[in-house]
Amino acid sequence: MLPFFLSAMRIDIITVLPEMLDGFVNTSILGRAQKKGLAEIHVHNLRDYTTDRHRRVDDYAFGGFAGMVMACQPIDACITALKAERDYDEIIFTTPDGERFDQPMANSLSLAQNLIILCGHYKGIDYRIREHLITKEVSLGDFVLTGGELAAAAMTDAIVRLVPGVLGDEQSAFNDSFQDNLLAAPVYTRPADYKGWKVPDVLLSGHEAKIKEWEINQSLERTRRLRPDLLGE
Ligand code: ADE
């Protein structure tokens, strides 16, 4: 539980496929964060907000372009209903042409109190929603997913795990890959010798300073070898 003056971080996800997200947000770290009262994740079915009698949320594109476009009305109705209840730090739209999601963005979004994530689908959404309601457009990377649900799930996971208290070991998020623009050092567990595959001796030495030095050197070496771009090389 949080002290009375702090309230849990809240993420509202708007989607046409709530069944894709319901299990995910209530399982593992995200489920535990919610049980501990540190985060609230609400999944909203966009179809609940349409005024169309067939529950449709999309329509043909003007200009004769191929594919269906998500219409303004249900998205506007859902976002307006949420905004009437509380202020939002960001209203995020998941889209391959958005700003690239990375650890610094996850860090800064983890400081937010309330976030909306709108999952894109089909050919896209009516551009007026992006112009008038969305405050941040985010992409997971240079590839195209069928919908924004996987992107919303990945972002929610990366953000909520940074909320203090969500990870069991407070320190562990600091040691993540990318947290200092460095990849994490390798980790090992028992047995120290598995089929002749040995754990580095230094980790068994109990010598804290030497272990720390080994960890930093491993991080630097792996970053230089695998992601030199992170070091500006
Ligand atoms: N929707 C479809 N592709 C996407 C991507 N790469 N990132 C975020 N949302 C998306």
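All ligand and atom numbering here is 1-based and tracks the order in the structure.
- Ligand 1 has no nitrogen or oxygen under 3.5 angstrom from a nitrogen or oxygen of Gly148.
- Near Ala151, meaning under 4.0 Å from one of its heavy atoms, ligand 1 places the atoms 8 (C), 9 (N).
- Close approach of ligand 1 to Phe143 (heavy-atom distance below 4.0 Å) involves ligand atoms 3 (N), 5 (C), 6 (N).
- Remark: minimum distance from atom 3 (N) of ligand 1 to any protein heavy atom is reached at Leu145 N, 2.9 Å.
- The one candidate from Leu17, Thr156, Asp22 that meets the side-chain contact (heavy atoms from CB on, under 4.5 Å) condition with Val43 is Asp22.
- At distances below 3.5 Å, at least one donor-acceptor pair connects side-chain atoms of Thr223 with backbone N or O atoms of Leu183.
- Electrostatic pairing of Arg128 and Asp126 counts as a salt bridge here, judged by a charged N lying under 4.0 Å from a carboxylate O.
- Classified by interplanar angle (parallel below 30°, tilted 30° to 60°, perpendicular above 60°), the ring pair His42/His44 is parallel.
- Not a single heavy atom of Gly120 lies less than 4.0 angstrom from ligand 1.
- If you check which protein heavy atom lies closest to atom 7 (N) of ligand 1, you get Leu140 N, 2.9 Å.
- The closest protein non-hydrogen atom to atom 1 (N) of ligand 1 is Pro96 CD, 3.7 Å.
- With hydrogens and angles disregarded, a donor-acceptor distance shorter than 3.5 Å links the side chain of Thr135 to the backbone of Ile91.
- Contacts between Thr95 and ligand 1 below 4.0 angstrom, taking non-hydrogen atoms only, involve the backbone exclusively.
- Between the side chain of Gln73 and the backbone N or O of Thr51 there is at least one donor-acceptor pair closer than 3.5 Å.
- Near Val144, with a cut-off below 4.0 Å to any heavy atom, the atoms of ligand 1 are 3 (N).
- Side-chain atoms of Glu137 and Thr95 form no donor-acceptor pair, as typed in the model, at a separation below 3.5 Å.
- The shortest heavy-atom distance from Val138 to ligand 1 is under 4.0 Å.
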